[in-house]
Amino acid sequence: MKLVVIGAQWGDEGKGKIVDFLAEEADVIVRFSGGANAGHTIVHDDVTYKLHLVPSGIIAPDTRVILGSGMVIDPESLFDELDRLTAQGVDWEGRVFISDRAHLVLPHYKEIDIEQDRTRIKPIGTTGRGIGVAYAKKASRDGMRMIDSLDPAQVELLPPEDRTFIARFAARYTPLLVDLAAFMRTAAPEEHHLLEGAQGALLDIDIGTYPYVSSGSSAAAGACVGAAIGPRSIDHVLGVFKAYSTRVGNGPFPSEFRGKDTDELEELVRETGREYGVTTGRPRRCGYLDLVALRYACAVNSVDSLALTHLDVYDTVEAPKLCIAYETEAGVIEDFPSDINLLEEARPVTKSFAGWNQPIGECKTYEELPQEARSYIEFIEEFIETPISMISIGYERERTIVRRNPWKV
Ligand code: IMP
């Protein structure tokens, strides 16, 4: 079985925790896109693991994890991360593989990345990890795949700094390289493969809020090319989203908290939800859950079911609101527009709900959740026409309510 897990917003939806949870039943986890711009936090037995490149399933002891073909990989960052995992007692040797078709991020890409954003009329707010440059080189056929970096004739054409860099890391990454297409072809039919996305659907280069996006294919479609499989092999697409919305960096965000009225709510969400970037430490912009954007993300990714995270962050909110349409100069709109100017000026039409005003972190089943929380959840399901199969009510793995196991479809 192949289960795809994607972020259904602008990244930081809590995919790390959900993937870690589902990894217990996975044999193989393939991270299919992005690079060290991503940041996934996992809390296990009071230990916090912060991952950027390594798939979140690495903490599960028996899974094999693969950095897929759609990724762009900075080996320095990768081995820093793996060395940190070793120091934290995670035994990863023999379990981590890299698709030989993945592209390398070379040292000078980061400088170009930062400089390009600095001189843009409207900066995107890149994480500065060289991601956009690596994908641009890939698209213009000037990139360096992992497999190419083993060919002295190709390496010789690179600037000296890049040659030295490759020489420094090649001996460590070469034994990890695999032909991912061959690997996937020989998989036993009963194996559980989890295809893990990074960032979120609205940061995808094609379906996201272009140009305020990342440069990889973070949508479900990216799982195919990034994991070397065809679209018909996918059994279930799980979209992860938060009880509210966040975004890091620049770009339109219609349901963003604006003005004094929402100052207190913004502070509560940012502090309780720890809404600071794992990669850059930047405070995340926060807003109401945007159902217009979520419905769009579910439609264009064929999302079969959703995992709702951070619901507990709203425990003390008197009257949680949901954004159900946008008000624009062109009138009220209910579809997510491609016009970036329209999206910039859009303001949320909201619907209020009764708050539950009690901690929900100890609830073990859906039925134990307060009626008000269930009403909030059920409204979302009806609006999006997609079932919510999992609900996360705290950072720890145990604080997860499973209504329907996505592995059992
Ligand atoms: P880049 O991919 O580093 O160039 O960043 C492009 C945009 O995507 C910026 O607004 C980043 O803040 C955002 N971004 C990139 N990766 C992530 C992520 O993993 N979570 C949230 N935002 C991200």
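Just so you know, ligand 1 is whichever comes first in the structure, and atom 1 is the first atom listed for that ligand. When reading the values below, keep in mind they use all heavy atoms of this one structure, side chains included, and skip hydrogens, waters and symmetry mates.
- Residues H193 and E191 approach most closely at NE2-OE1, 3.0 Å, considering heavy atoms.
- Ring-plane geometry between F257 and Y288 is classed as perpendicular, the angle between the planes exceeding 60 degrees on a 0 to 90 degree scale with a lower cut at 30.
- Counting only heavy atoms from C-beta outward, the side chains of I66 and L180 approach each other to under 4.5 Å.
- The closest approach between any non-hydrogen atom of Q199 and ligand 1 is below 4.0 Å.
- Between V248 and ligand 1, a contact under 3.5 Å exists for at least one N or O pair.
- Only the backbone of W10 comes within contact range of ligand 1, with a heavy atom under 4.0 Å; no side-chain atom does.
- Numbered from 1 in the order shown, with element, the atoms of ligand 1 that lie under 4.0 Å from a heavy atom of D12 read 20 (N), 21 (C).
- Checked against a 3.5 angstrom limit, the closest N/O atoms of T127 and ligand 1 fall inside it.
- Atom NZ of K122 sits in a sparse spot, with 12 or fewer heavy atoms from other residues, nucleotides or ligands closer than 6.0 Å.
- Under a 4.0 Å N-O distance rule, the pair D179/R101 qualifies as a salt bridge.
- The single protein non-hydrogen atom nearest to atom 19 (O) of ligand 1 is A38 CA, 3.2 Å, given as residue, atom name and distance.
- For ligand 1, one of its N or O atoms has an N or O atom of N37 under 3.5 Å away.
- Here the closest non-hydrogen pair linking P252 and P254 is C-CD, 3.9 Å.
- In terms of protein heavy atoms, atom 14 (N) of ligand 1 is closest to L203 CD1, 3.8 Å.
- Salt bridge present: D74 and K110 bring a charged side-chain N and a carboxylate O closer than 4.0 Å.
- For V213, every heavy-atom contact with ligand 1 shorter than 4.0 Å involves the backbone, none the side chain.
- When heavy-atom distances to ligand 1 are checked against a 4.0 Å cut-off, R282 comes that close only through its side chain, counted from C-beta outward.
- A 4.5 Å side-chain heavy-atom check between L51 and L85 finds at least one atom pair inside the cut-off.
- Taking only nitrogen or oxygen atoms, main chain and side chain alike, S215 does not reach within less than 3.5 Å of ligand 1.
- For atom 2 (O) of ligand 1, the closest non-hydrogen atom of the protein is S214 OG, 2.6 Å.
- Taking both residues in full, the closest heavy atoms of A36 and I131 are given as N-CD1, 3.8 Å, listed atom of the first, atom of the second, then distance.
- For atom 5 (O) of ligand 1, the nearest protein heavy atom (residue, atom name, distance) is T126 CA, 3.6 Å.
- Within the listing of ligand 1, atoms 9 (C), 10 (O), 11 (C), 12 (O) sit less than 4.0 angstrom from a heavy atom of G125.
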